[in-house]
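To keep things clear, I will list the structure first and then write my remarks on it.
Numbered from 1 within each chain, the chains take letters A, B, ... in sequence-line order.
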Number of protein chains: 2
Amino acid sequence: MSVHLLQTATSVLLKDPTASLGDVARAAGVGRTTLHKRFPTRTALVRAVASDALDLIESVACHVDFDSDDALEDLMTRLVALGPRVEFLLRFPGLDRDEELAARIREMDRPVLDLITRLQGTKLRRDLPAWWILHTLYAGLFNAWEAISDGRLAPLDAPRFVLSTVFEGVSDVRAVDRT
Amino acid sequence: MSVHLLQTATSVLLKDPTASLGDVARAAGVGRTTLHKRFPTRTALVRAVASDALDLIESVACHVDFDSDDALEDLMTRLVALGPRVEFLLRFPGLDRDEELAARIREMDRPVLDLITRLQGTKLRRDLPAWWILHTLYAGLFNAWEAISDGRLAPLDAPRFVLSTVFEGVSDVRAVDRT
DNA sequence: CAACAGGTGAACACTCATGTTCACAACGGT
DNA sequence: ACCGTTGTGAACATGAGTGTTCACCTGTTG
């Protein structure tokens with residue numbers, strides 16, 4: 001039941017970052033008092049939601065074989081499926097001001113950055129910084145989540161769209177004539 | 001001076017969407033009363049900032065030759081240069097709930113969507129929806145703006161990074177072996 | 001049955017953003 | 001010198017979100 005509460009809080013706060021605790025409690029079907037019992041302050045709730053999202057990412061990242069050549073595709077596919085729970089992490093305003101959370105995020109980025117750097121020896125472009133590629137991947141994820149929540153993109157289509165677009169770009173290869 | 005006020009408001013509200021009007025006024029070096037004189041309510045200020053951003057986009061869009069084959073690259077390059085003023089438009093929470101603004105945005109998207117559809121006959125992939133390509137371009141812009149404001153990316157490098165990444169992807173073409 | 005933990009609504013005080021009014025100062029035009 | 005404009009600070013009322021406490025209800029466990 002605590003899990004469902006966090007999920008509801010995630011979606012409510014993501015749709016409207018200024019939503020009151022009363023809104024969150026009502027959406028979750030619990031009393032505001034109960035919400036305050038579990039999360040004494042608003043920032044505590046936000047941190048719990050963010051922390052939950054980080055746990056979620058870790059729980060899928062540990063299933064990815066980072067030594068594989070398809071690790072990035074595998075990771076991305078799994079992340080796309082997580083949806084709003086993780087979108088919250090990248091989108092919620094002022095979240096980066098929490099140093100502890102920011103540190104945890106950097107900590108999670110590190111192995112992915114290493115993976116990207118390694119893959120730049122084989123399948124990834126070497127003329128782009130690893131951090132730029134990482135953020136391009138994030139941008140692709142973000143893009144897909146937004147399209148899904150807008151109802152324009154079917155969740156099952158999302159991984160294919162993201163991977164295909166981010167890796168191969170939007171140019172028609174057969175028509176490419178630039179250097 | 002009114003212009004400078006809007007610019008300041010943009011950056012302050014972008015950094016912290018929950019910033020109070022007092023914060024905005026102080027950052028702009030004017031009294032809160034003066035701010036209220038010019039923009040009676042908070043939403044009025046937000047709408048003014050957004051409207052200003054839209055004007056900015058229109059002012060550069062009218063210099064783009066939409067019949068050219070390089071129209072997209074031209075447009076993107078100009079948009080990258082606009083920076084935070086426009087980032088506000090895509091990022092500020094709850095902005096899409098203003099129907100008038102949303103309509104103006106859709107109105108501006110239309111010619112770009114048409115351009116994309118047209119270019120899908122030549123240089124752009126036909127297996128992706130036009131709206132997906134459009135949002136991928138936006139995601140690239142957003143990515144660049146974020147990197148710039150974080151100090152990781154030099155503004156002059158931004159257009160090249162965005163265009164190259166969005167159009168050609170992050171895969172090393174020479175190593176591509178997928179279908 | 002008794003005790004206890006967990007959930008609930010009502011009420012309260014507190015803080016803060018907001019919107020408004022008012023009186024005053026600076027400035028330019030007549 | 002007069003007046004209208006514009007900006008300013010101070011003060012005030014209002015409303016909303018927040019955090020807290022308390023009395024009450026419910027189910028479980030002993």
(request) Provide the closest heavy-atom pair for A/Ser51 versus A/Arg104 in the form atom of the first, atom of the second, distance. (result)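 For A/Ser51 and A/Arg104, the tightest heavy-atom pair comes out as OG-NH1, 3.1 Å.
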(request) Indicate the atoms forming the closest heavy-atom contact of A/Val60 with A/Arg78, along with that distance. (result) O-CD, 3.8 Å
(message) Taking the six-membered ring of B/Trp131 as reference, does the cationic atom of A/Arg152 (NZ for Lys, CZ for Arg) lie under 6.0 Å from its centre and within 45° of its axis?
(response)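 Yes, a cation-pi geometry.
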Roughly, in whole Å, what's the span from [atom1] in [X] to [atom2] in [N]?
{"X": "A/Leu35", "N": "D/dG17", "atom1": "CG", "atom2": "P", "answer": "14 Å"}
{"X": "A/Leu45", "N": "D/dG19", "atom1": "CG", "atom2": "P", "answer": "10 Å"}
{"X": "B/Lys37", "N": "C/dA23", "atom1": "NZ", "atom2": "C1'", "answer": "11 Å"}

(request) Please state whether the phosphate of D/dG9, meaning OP1 or OP2, lies under 4.0 angstrom from any side-chain nitrogen or oxygen of B/Thr33. (result) no
(request) Indicate whether OP1 or OP2 belonging to C/dG6 is found under 4.0 Å from a side-chain N or O atom of A/Arg38. (result) no
Any side-chain heavy-atom pair from [X] and [Y] closer than 4.5 angstrom?
{"X": "B/Leu75", "Y": "B/Leu137", "value": "no"}
{"X": "B/Phe142", "Y": "A/Asn143", "value": "no"}
{"X": "B/Ile105", "Y": "B/Leu89", "value": "yes"}

Please list, for nucleotides 15-19 of chain C, all pairs of protein and nucleotide N/O atoms separated by less than 3.5 Å.
{"unit_1": "C/dT18", "atom_1": "OP1", "unit_2": "B/Arg42", "atom_2": "NE", "d": "2.2"}
{"unit_1": "C/dT18", "atom_1": "OP2", "unit_2": "B/Leu21", "atom_2": "N", "d": "2.6"}
{"unit_1": "C/dG19", "atom_1": "OP2", "unit_2": "B/Arg42", "atom_2": "N", "d": "3.3"}
{"unit_1": "C/dG19", "atom_1": "N7", "unit_2": "B/Arg32", "atom_2": "NH1", "d": "3.3"}
{"unit_1": "C/dG19", "atom_1": "O6", "unit_2": "B/Arg32", "atom_2": "NH2", "d": "2.9"}

